[in-house]
Asks: 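Quick one: the structure is below, and I'll ask about it shortly.
Lettering follows sequence order; numbering is per chain, from 1. Everything numeric here is computed off the predicted structure, so don't read it as measured data.
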Amino acid sequence: MSEVRVRIAPSPSGNLHVGTARTALFNYLFAKKNNGKFVLRIEDTDAERTSQEYVDNIFDSLKALGLNWDEGPDVGGEYGPYTQSERFDIYPKYIQELLDKGFAYECFCTPEELEAEKEEATANKKAYVYSKKCENLTEEEKAQLRAEGRKPAIRFNIAKAQKAFHESSILKFDDLVKGELQMDTNLIGDFVIMKSNGAPTYNYAVVIDDALMKITHVIRGEDHISNTYKQILIFEALGFDVPRFGHLGMILAPDRSKLSKRHGATAVSDFVEQGYLTEALVNFVALLGWAPSDGEEVKPVEKIAEDFRIGEISSSNSIFEYDKLKWMNSHYIKALPIATLKEILKKYLTKYNLTELSDEQYTRMVEITREPLTLLSDITEAVSYFFGGKNVDIEEEVQTTVLDLPESQDILKAFVEQGEGWEWTEHNLHEKLDAFRGEFKEKGIKPKATMWAIRGAITGRTRGADMTATLAILGKENCLERAKKSIK
RNA sequence: GCCCCCAUCGUCUAGAGGCCUAGGACAACACCCUUUCACGGUGUAGACAGCGAUUCGAAUUCGCUUGGGGGUACCA
């Protein structure tokens with residue numbers, strides 16, 4: 001068998017969507033598993049909805065996810081260019097071939113005429129199929145229409161192609177993930193392959209590009225199933241090898257509608273912005289429709305590739321559940337080397353004066369606050385009480401339910417008194433505090449309550465990082481001052 | 001409307017006629033660990049959409065119904 005070649009062909013009309021990212025991932029996995037090539041092609045035939053900003057976003061997102069392409073607009077390759085708008089000179093040639101072979105014809109219908117046909121079809125509860133009004137126009141008639149100033153679009157002749165290569169009107173193909181799929185081609189209208197302005201349409205351009213780029217397997221979303229029949233016919237009409245197709249279920253939002261902005265992040269870059277690690281994102285998205293054979297869900301892309309079997313992808317849609325993504329993300333955050341984490345986190349700590357902490361203190365702070373993080377951005381709030389020196393904001397609830405208690409007042413007074421004499425290192429504090437709790441335990445105060453009083457006064461909160469380490473990082477002076485301020 | 005695809009716990013899934021009184025993961029809940037929070041550990045609850053058919057036997061095969069998704073453009 002010839003070399004496996006797959007592609008991802010995003011349209012730069014928006015930032016890279018997670019759905020597209022998943023399609024890209026499955027293509028990438030398939031290529032890796034089969035020692036093939038992964039191609040990136042930018043489909044920007046519709047100039048109005050396309051922008052360079054989005055092209056850049058697509059590049060960056062794909063790279064961040066680790067889905068590096070072997071051929072593409074930036075890295076080039078044997079079958080370039082890899083941007084459709086730069087390929088406009090090669091599309092007309094095959095249009096002409098289709099025209100010559102009788103598989104395509106000029107259509108002079110106006111938008112109004114077409115609209116009328118559609119309305120009639122819906123009124124009769126029939127599927128809309130183009131009337132083929134222009135199929136057999138004579139040269140005189142065409143000349144006449146041209147003289148009126150009409151510019152023709154080119155339509156593909158479905159019935160002709162179907163008859164030329166298949167026995168019945170039913171067109172079948174064996175889908176890589178869904179198995180045999182079929183469609184009655186009588187229900188497909190003769191669609192436009194070249195617009196009257198000379199630009200190729202999607203269904204036509206993809207075929208030319210896939211054929212010329214020697215794509216062997218087309219893996220994409222199932223929203224393309226209906227296009228597949230049209231594309232197969234064009235491949236055949238032009239004498240190209242028809243690639244294998246594989247259609248993935250869609251990714252839906254928790255309410256089963258299309259995943260959109262109102263559900264939260266949708267673009268890969270949005271997720272990154274919100275504090276998700278791309279390793280977690282790509283791992284999570286791989287689990288949508290696919291399951292590892294060993295049951296180990298957390299694993300890097302390269303491991304997934306080894307285990308990847310396209311025929312075992314689920315053919316149904318799957319819902320994008322943020323909960324599991326968050327769990328995955330916290331998992332990856334915990335696995336990150338501390339040095340890396342320290343750097344990444346700085347982006348979320350710009351509101352603080354990091355110079356208040358030595359590198360050693362900063363390191364320790366990250367170590368003790370990383371545990372509960374589900375998003376990197378959670379660090380911003382989690383760490384607030386490490387800054388501000390002698391002052392800290394006390395939460396209302398902490399004030400009333402903890403600090404106002406008489407026993408808490410006693411604890412704090414003793415803490416300030418004894419603390420003065422303590423050597424303020426984490427190791428020593430650990431021991432001192434242990435004895436301190438014991439002292440109060442004898443008076444009938446639970447260790448928990450003792451710590452809560454201290455935590456409340458020092459951090460202003462009821463929850464937070466390891467208390468001993470927190471005290472050590474803040475230093476004796478800051479801690480005792482904060483404690484004093486909570487004593488009435 | 002018409003056409004196509006899909007259907008196992010709330011979610012992602014395992015399951016390719018007997019191994020299934022349906023397994024795992026996330027979420028939920030309970031308990032344990034613990035100087036708080038968290039992490040971790042243990043456990044509980046939770047599904048084969050419905051109806052027919054085939055078969056000795058069906059989550060697994062077939063049909064219908066229902067539900068969900070997609071397509072129906074001179075968008076991609």
Side-chain angles (χ1 to χ4, degrees), chain A residues 9-13 43-46 48-50 84 107 109-111 114-115 118 121-129 151-155 175 178 181-184 186-189 191-203 205-206 221-229 247 249-250 252 254 256-258 284 287-293 295-298 312 314-328 330 334 368-373 382 402 430 433-434 436-437 446-456 459 461-468 470:
Chain A
S11 175
S13 53
E43 307 216 327
D44 59 347
T45 52
D46 188 0
E48 288 183 15
R49 311 195 318 163
T50 284
Q84 280 186 335
C107 172
C109 292
T110 61
L114 264 14
E115 195 50 46
K118 275 177 219 169
T122 32
N124 295 329
K125 298 192 174 187
K126 286 276 182 70
Y128 167 66
V129 178
K151 285 214 169 62
I154 311 294
R155 284 182 187 271
D175 192 271
K178 289 177 187 284
L181 259 26
Q182 55 174 279
M183 172 78 176
D184 184 347
N186 287 147
L187 266 13
I188 306 174
F191 58 100
V192 171
I193 53 179
M194 182 164 276
K195 304 177 200 176
S196 51
N197 68 6
T201 62
Y202 166 75
N203 275 306
V206 198
E222 71 176 22
D223 48 338
H224 283 289
I225 290 180
S226 58
N227 289 328
T228 306
Y229 303 97
H247 291 94
M250 309 266 81
L252 270 27
R256 295 189 176 279
S257 67
K258 204 177 257 179
F284 168 73
L287 262 21
L288 259 26
W290 177 84
S293 57
E296 274 304 319
E297 295 189 326
V298 182
E312 292 176 22
S314 160
S315 50
S316 43
N317 296 339
S318 37
I319 290 174
F320 195 98
E321 191 64 66
Y322 289 88
D323 274 342
K324 189 152 187 178
L325 207 212
K326 283 182 180 163
W327 165 78
M328 185 74 79
S330 67
K334 286 187 200 83
I368 62 171
T369 49
R370 75 187 314 194
E371 282 287 291
L373 298 182
V402 179
H430 187 80
L433 245 20
D434 197 31
F436 188 76
R437 280 191 297 274
K446 289 181 184 162
K448 209 179 235 187
T450 307
M451 294 309 288
W452 272 45
I454 296 174
R455 176 180 293 283
T459 71
R461 310 209 198 157
T462 53
R463 50 179 59 188
D466 177 83
M467 205 54 227
T468 313
T470 301

Asks: Would you indicate, yes or no, if B:rU35 has its OP1 or OP2 atom less than 4.0 angstrom from a side-chain nitrogen or oxygen of A:R455?
Replies: no
Asks: Could you tell me whether the side chain of A:S226 has a donor or acceptor atom within less than 3.5 Å of a complementary atom in the base of B:rC4?
Replies: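 Under the 3.5 Å cut-off, the side chain and the base do not form any donor-acceptor pair.
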Asks: Just the rounded figure in Å: distance from C1' of B:rC74 to CZ of A:F191.
Replies: 13 Å
Asks: Heavy atoms under 4.0 Å, any strand shown: does A:D466 hit a base, just sugar-phosphate, or nothing?
Replies: base
Asks: A:K118 has a side chain; which of B:rA38, B:rA73, B:rU35 sits nearest to it?
Replies: B:rA73
Asks: Could you state the atom-to-atom distance from CG of A:D223 to P of B:rU72 in whole Å?
Replies: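 Taking atom P of B:rU72 as the reference, CG of A:D223 is at 9 Å.
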Asks: Could you please name the option among B:rU36, B:rC5, B:rA76 that lies closest to any side-chain atom of A:W452?
Replies: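 So the side chain of A:W452 is nearest to B:rU36.
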Asks: A:S314 has a side chain; which of B:rA76, B:rU13, B:rG70 sits nearest to it?
Replies: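 The answer is B:rU13, which lies nearest to the side chain.
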Asks: Polar atoms only, N or O, under 3.5 Å: list the protein pairs with nucleotides 7-9 of chain B and their distances.
Replies:
none

Asks: When rounded to the nearest Å, what value does the distance between C1' atoms of B:rA49 and B:rC6 take?
Replies: 13 Å
Asks: More than 12 heavy atoms of other residues, nucleotides or ligands under 6.0 Å from NZ of A:K446: is that the case?
Replies: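 Open.
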Asks: Taking A:R455 for the side chain and A:D466 for the main chain, is one N or O donor matched with an acceptor at less than 3.5 Å?
Replies: no
Asks: With respect to the phosphate group of B:rC39, does any side-chain polar atom (N or O) of A:R370 fall under 4.0 Å of OP1 or OP2?
Replies: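 Checking B:rC39 against A:R370, no side-chain N or O comes under 4.0 Å of OP1 or OP2.
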Asks: Give A:K126 one of three labels, base, sugar-phosphate or nothing, depending on what nucleic acid heavy atoms sit under 4.0 Å from its own.
Replies: base
Asks: Which is true for A:K324 with a 4.0 Å heavy-atom rule: it touches a base, it touches only sugar-phosphate, or it touches nothing?
Replies: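 Here A:K324 touches the bases of the nucleic acid.
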